[in-house]
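Order of the sequence lines fixes the chain letters, A, B, ..., with proteins taken first and strands second; residue numbering starts at 1 for each chain. The model shown is predicted, which means the values in this text are computed figures rather than measured ones.
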Number of protein chains: 2
Amino acid sequence: MPLPQTEMPGRLQAYCAERGIRMTQQRRAILRVMETASKHLDAAQLLRKAQKLDASVDRSTVYRTLRLLKRQGLIDELDLMHIHGEGHYYERKLNRDHIHMACLRCGKIMEFVSDIFEKLKGQVEKDCRFRIVVSRLEIGGYCANCSK
Amino acid sequence: MPLPQTEMPGRLQAYCAERGIRMTQQRRAILRVMETASKHLDAAQLLRKAQKLDASVDRSTVYRTLRLLKRQGLIDELDLMHIHGEGHYYERKLNRDHIHMACLRCGKIMEFVSDIFEKLKGQVEKDCRFRIVVSRLEIGGYCANCSK
DNA sequence: ATACCTGCAAAATATTTGCACCACA
DNA sequence: TGTGGTGCAAATATTTTGCAGGTAT
């Protein structure tokens, strides 16, 4: 049976509570957006959505919270091949790492879970004696539709 | 026998010539730096080194040339887990893709070539019917020394 | 109570663009 | 000779920081 690819809303806040991280009105709004977002928000989108929940949220609080969540290993930072601009995209870390594919023609972002990817990480840990904390595989190319 | 991991200097210029790309004094300097660099230069370092060969090289020409080389698939763009700042790093594309590992403690960058990586890319192309143009696997964690 | 967070404004960093001029092919 | 490249300066985009005051625990 495949592992679930999402967790219940509230889980990010629960993690923060477990780790003794102070919860504020603004962080609650930002975490809620991260939890319910379909996918891949950049800082500006995250700010806009969080402000709908709490109008007082400031851009710097968004960046400070993103840094916090990154340090805690609760979110991943992506480039998505910089298909739209130079910024970063964020998504909450789920049970299994996945690969991101970005179509250079239509801009679609796809995800893919692979046992081979897990095996590759195992090889790096073993052969290089490297303890992996975070990994990111991003692929640019042409999706099935755009290759036709 | 392992494939060579470097190519002779001049190769980048040769590629550009083959493709009918106009060669200028400034581009020559920039390509030369890319060719002879040990590894992983960011735009500012590339500018500084190129200016030693041709003092007239401007920052915007560096960025314009990087964009050109990226589009031509002659260089790869890396984040190296943003160990130093938010910019990008560049390296010329070699015969085989390799994985980059960045030690979050000492900052060392390591590279690793793996057949499993090749196999993984093959799987993506086949299972997702995705035609890969560029791929980037970056790993953050702790190197053998810093894990001790 | 107090350590930690926040908004605001400004700074820092990174990259791109408009334009007049210049140089490669 | 003409297309495309260049430097320069200014604009844009993205992220960070100092500070005075506010809030969660």
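Atom C1' of nucleotide C/dT13 and atom CD of B/Q45 are separated by 15 Å, given to the nearest angstrom. A/D58 places its CG atom 13 Å from the C1' atom of C/dA10, with the value rounded to the nearest Å.
Distances shorter than 4.0 Å separate some side-chain N or O of A/Y63 from OP1 or OP2 on D/dT15. The phosphate of D/dT15 (OP1 or OP2) has a side-chain N or O of A/H88 nearer than 4.0 angstrom. Phosphate contact (OP1/OP2 of C/dC5, side-chain N/O of A/R27, threshold under 4.0 Å): present.
Looking at which nucleotide of DNA chain D each of B/E86 and B/D54 is closest to, the 5′-most match is held by B/D54.
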With a cut-off of 3.5 Å and sequence neighbours excluded, list every side-chain donor-acceptor pair involving residues 122-133 of chain A.
from: A/Q123; atom 1: OE1; to: B/S114; atom 2: OG; distance (Å): 2.6
from: A/E125; atom 1: OE2; to: A/I132; atom 2: N; distance (Å): 2.5

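A/E138 and A/H82 are not linked by any side-chain donor-acceptor pair at a separation below 3.5 angstrom, with hydrogens and angles left out of the test.
Note on B/D97 versus B/R136: no salt bridge recorded, every NZ/NE/NH1/NH2 to OD/OE distance being 4.0 Å or above. Here A/E77 pairs with A/K70 in a salt bridge; the nearest charged N to carboxylate O distance falls below 4.0 Å.
With sequence neighbours excluded, no residue satisfies salt bridge (Lys or Arg N to Asp or Glu O under 4.0 Å) with A/E91.
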Which letters describe nucleotides 18-25 of chain D, given B = protein heavy atom under 4.0 Å from base, S = only from sugar-phosphate, - = neither?
-> B----BBS
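Taking the ring centre of A/F117 as origin, the terminal cationic atom of A/K121 falls inside the region bounded by 6.0 Å and 45° from the ring axis.
Residue contacts for B/R67: at a heavy-atom cut-off of 4.0 Å it reaches the sugar-phosphate backbone alone, with no base atom in range.
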